[in-house]
Amino acid sequence: MKDLINGFDNLPQWLKIVLALPGLDIVWAVYRLCRSIDKQNVLGIVLGVLMILICPVIMWLVDIITLVVYDKVLWID
């Protein structure tokens, strides 16, 4: 799991932004879920599952903004 997280963290910024586009943003939802599972954060796991099911419509814009400004996706841990 750590390899997956480190792999996503080490992607070039342009590829992170491409993965945040609508339709592909599910990748970042899975990334958030994996981070929460790795840290054994129960609230993060529940929110990660909800993001996969409900939030891809909204979160792609938030992801693009945070990737451009901070070069990382926004998450609670």
Side-chain angles (χ1 to χ4, degrees):
M1 186 91 48
K2 287 226 182 256
D3 293 334
L4 177 72
I5 294 167
N6 289 333
F8 277 110
D9 287 339
N10 294 329
L11 289 174
Q13 186 177 15
W14 67 269
L15 186 55
K16 289 179 183 180
I17 293 170
V18 167
L19 291 174
L21 293 173
L24 296 175
D25 193 50
I26 193 77
V27 171
W28 291 116
V30 172
Y31 167 79
R32 288 181 179 101
L33 181 62
C34 290
R35 277 184 61 171
S36 294
I37 290 171
D38 185 54
K39 293 185 178 187
Q40 298 177 353
N41 181 354
V42 177
L43 177 63
I45 294 170
V46 171
L47 290 174
V49 170
L50 287 174
M51 281 194 165
I52 290 173
L53 299 175
I54 298 170
C55 293
V57 175
I58 301 166
M59 287 305 292
W60 70 270
L61 185 59
V62 173
D63 287 342
I64 289 176
I65 292 169
T66 58
L67 283 168
V68 168
V69 175
Y70 301 111
D71 195 31
K72 62 181 182 176
V73 292
L74 184 65
W75 196 230
I76 61 173
D77 51 45

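The residues of the chain are indexed from 1 along the displayed sequence. Scope of the values below: all heavy atoms of this structure, side chains included, with no hydrogens, waters or symmetry mates.
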Compile the donor-acceptor pairs under 3.5 Å between side chains in residues 38-53 and protein atoms, sequence neighbours left out, one pair per line.
from : atom 1 : to  : atom 2 : distance (Å)
D38  : OD2    : K2  : NZ     : 3.1
N41  : OD1    : L43 : N      : 3.3
N41  : OD1    : G44 : N      : 3.2

Can you get from L61 to I58 by hopping between Ile, Leu, Val, Met, Phe, Trp and Tyr side chains that sit under 4.5 Å apart? no

If two hydrophobic side chains count as joined below 4.5 Å and joins carry through other members, does I26 share a cluster with I65? yes

Check whether any side-chain heavy atom of Y31 sits under 4.5 Å from a side-chain heavy atom of D9, and report yes or no. yes

Flag side-chain contact, heavy atom, 4.5 Å: L21 against I64 = yes

Could you tell me which non-hydrogen atom of [X] sits nearest to which non-hydrogen atom of [Y], and how far apart they are?
X: A20; Y: W28; answer: N-NE1, 3.6 Å
X: M1; Y: I37; answer: CE-CG2, 4.0 Å
X: R32; Y: V73; answer: NH2-CB, 3.8 Å

Interatomic distance, CG@N10 vs CG@L15, rounded to 0.5 Å, equals 12.0 Å

Here the gap from T66 atom OG1 to L74 atom CG, rounded to the nearest 0.5 Å, amounts to 5.5 Å

Assess whether side chain to side chain contact (heavy atoms under 4.5 Å, CB included) is satisfied between L19 and F8, documenting all intermediate values. CA-CA 10 Å; L19 291 174; F8 277 110; 4.2 Å; yes

